[in-house]
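Before any comments, here is the structure.
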Protein chains: 2
Amino acid sequence: MPVRAAEQTAAYQVVARELRTAILRGTYRDGVRLPTEAELADHYRVSRQTVRRAFHDLVSEGMVYRVPGRGTFAAVRDGQYLRQIGSVEDLMSLSVDTMMEVVTPLQRRVDVDAAGRLHLGADVVHSVVFRRLHDDVPFCITTVCLPPHIAALLVGAPEVASAGTVSDATIIGLLDPHLTDPIAQAEQSITAAAASPSLAASLGCNTGDAVLRIDRLYMTITDVPVELSISYFLPEHYSYRVRLRRTLR
Amino acid sequence: MPVRAAEQTAAYQVVARELRTAILRGTYRDGVRLPTEAELADHYRVSRQTVRRAFHDLVSEGMVYRVPGRGTFAAVRDGQYLRQIGSVEDLMSLSVDTMMEVVTPLQRRVDVDAAGRLHLGADVVHSVVFRRLHDDVPFCITTVCLPPHIAALLVGAPEVASAGTVSDATIIGLLDPHLTDPIAQAEQSITAAAASPSLAASLGCNTGDAVLRIDRLYMTITDVPVELSISYFLPEHYSYRVRLRRTLR
DNA sequence: CGTTATTTGTGCGTATGTATT
DNA sequence: AAATACATACGCACAAATAAC
């Protein structure tokens, strides 16, 4: 059988993507049965194998679970945005299905604490505040602080120039091509906090609600700090997932 | 084509398991290239598709990465992903300077959610609740759920037999010597929550305070769940720190 | 610089097994 | 017992990336 020529995205990825967004949008609520392989194959005009390939990806993402003889069921709890994170690459690819909306554009600011954590001599940093959205629902507010000489690399970037701008960028993704030394590591600290009034307003929750706080310090291979980001996540829409593996000896 | 009759573990799982163990044992270090699909198919006397199926699992686990035209390469390096409190070893050695105090001893319980996450058919689990103390200050409450056949390994253990018992043990450390398959991986989910009244009483904080919630599902190398632990941490006394590294190629 | 061999990626057909309804 | 639905396995054809010549 011939194969479609020069197709950009594979058929199974199209199917997986549509089902994934449908589940996240709540078309299939928690535990609801999805169409069968045969039905989906018929609908998308692909073979059953291609549908299976798509389902296999969704299973390993934890989006659905399957029971032989019964069917395939949505596994998302409360529409929570889940993502497996375990490397800097994962952080950089955060933009594939989330949007960034600028709240406060990139500007000069005095911040002793941030400057100290960036190993700067002076107290001046440049910072930008943005929300991150998934399916138009905000789930995170992030403040990014940069040393002045790093911020200079972003002067022309429209993604961080004015409030309200929406893009699918990440700061680290914008920076990376311009850096001589690539970003090679990040130190993360994860804790819980109560939402401040302004935070609650931006995220659409109540003051005092429990939120997840993640601080990240990105560094080059030579341990030079490049970016400090402080993010507050809504726990209803986000949880941080990691897979740990033991080396057998 | 005929299929082998009544095979217990699927052929692709056998292949995946052997490759996984070989990588974790260091047979394929660093970015060493693995045998090609054709070679492995020949070696295991299976079709190329079956080898591909195995590789697909290993890719989604992050064990290997593949490059079209070049080959398949081992992706696990020593301490590549997570340091500090980030590896399974660190979780097991959590007891070095903390004490465990039993709140509710190990007992049989019905918990549909926990049973589901442990991939059990029935709804019965065995669970134990304990506080973790550092310098006599409680900073964490943990509920551990075990499948019945695993809990049976702890029947004689005094560390979990009665409320009030204080020891420097960890559940995983108590279990590990008795398991046929060693614990090789864990899936973690980290989020924030508000302290319930009982939680607040045990931890010495106020109801509604923001606490860090960490769920861990420990599994053997064959993906069999062994233990589910749900912990609530006081953010003042604990933050989860991870160092992420980028794999430069 | 093109050609060729190697290697992984995609897509589909077929057959059969197993679990559920 | 039969129908339904997912699971496994193999085969084939062709595409695309890479490397060697």
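Naming: A, B, ... by sequence-line order, numbering from 1 per chain.
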Within this structure, what is the [atom1]-to-[atom2] distance between [X] and [N], rounded to whole angstrom?
X: B/Arg45; N: D/dG11; atom1: CZ; atom2: P; value: 11 Å
X: B/Gln49; N: C/dG13; atom1: CD; atom2: P; value: 15 Å
X: A/Asp42; N: D/dT4; atom1: CG; atom2: C1'; value: 16 Å
X: B/Tyr65; N: C/dT8; atom1: OH; atom2: C1'; value: 14 Å
X: B/Arg52; N: D/dA15; atom1: CZ; atom2: P; value: 16 Å
X: A/Phe73; N: D/dA5; atom1: CZ; atom2: C1'; value: 10 Å

Review point. So what does A/Arg48 touch, heavy atoms closer than 4.0 Å: a base, only the sugar-phosphate, or nothing?
Key: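 If one applies the 4.0 Å heavy-atom cut-off, A/Arg48 turns out to touch a base.
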Review point. With sugar-phosphate meaning primed atoms plus P, OP1 and OP2, does A/Arg53 contact a base, only sugar-phosphate, or nothing at under 4.0 Å between heavy atoms?
Key: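 Since only primed, P, OP1 and OP2 atoms lie under 4.0 Å of A/Arg53, the category is sugar-phosphate.
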Check your understanding: Within 45 degrees of the axis of the six-membered ring of A/Tyr28 and under 6.0 Å from its centre: does A/Arg33 put its NZ or CZ there?
Key ->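 The answer is no, since A/Arg33 fails at least one limit relative to A/Tyr28.
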**Study point:** Any A/Tyr12 side-chain N or O less than 4.0 Å from OP1/OP2 of C/dT10
**Key:**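 Yes.
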Check your understanding: Can you tell me if the side-chain N/O atoms of A/Ser47 get under 4.0 Å from OP1 or OP2 in C/dG11?
Key ->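 No, A/Ser47 has no side-chain N/O under 4.0 Å of OP1/OP2 on C/dG11.
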Review point. Within the side chain of B/Glu18, is there an N or O that forms a donor-acceptor pair under 3.5 Å with the backbone of B/Val15?
Key: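 Flag not set: sc B/Glu18 to bb B/Val15 has no pair under 3.5 Å.
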Practice item. Enter the inter-axis angle for the ends of the helix from C/dG2-D/dC21 to C/dT21-D/dA2 (five pairs per end, rounded to 10°). Key: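 The end-segment axes of the helix from C/dG2-D/dC21 to C/dT21-D/dA2 are tilted 10° relative to each other.
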Exercise for review: Could you walk me through whether A/Leu212 and B/Leu212 pass the side chain to side chain contact (heavy atoms under 4.5 Å, CB included) test, one step at a time?
Suggested key: CA-CA 8 Å; A/Leu212 194 67; B/Leu212 195 66; 3.6 Å; yes
Check your understanding: Which residue, A/Gln49, A/Arg53, A/Arg17, forms the side chain to side chain donor-acceptor pair (under 3.5 Å) with A/Tyr12?
Key ->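 Passing option: A/Arg53.
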Exercise for review: Give the intermediate values and the outcome of side chain to side chain contact (heavy atoms under 4.5 Å, CB included) for residues B/Phe130 and B/Thr143.
Suggested key: CA-CA 7 Å; B/Phe130 56 84; B/Thr143 303; over 6 Å; no
Check your understanding: Got A/Val160 and A/Met100 here, is their nearest side-chain heavy-atom distance under 4.5 Å?
Key ->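 In contact.
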Point to revise | Shortest non-hydrogen contact from B/Ile23 toward B/Ala74 | key: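 For B/Ile23 versus B/Ala74, the nearest heavy atoms are CG2-CB, 4.2 Å.
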Check your understanding: Which atom pair, heavy atoms only, marks the closest approach of B/Ala161 to B/Pro105?
Key ->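 Scanning both residues completely, I find the closest heavy atoms to be O-CB, 3.1 Å.
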Check your understanding: What do the steps show when you test B/Thr142 against B/Val144 for side chain to side chain contact (heavy atoms under 4.5 Å, CB included), and what is the final call?
Key -> CA-CA 6 Å; B/Thr142 302; B/Val144 167; 3.8 Å; yes
For nucleotides 1-7 of chain C, tabulate all protein N/O to nucleotide N/O atom pairs closer than 3.5 Å, reporting atom names and distance.
from: C/dT7; atom 1: O2; to: B/Gly69; atom 2: N; distance (Å): 3.3

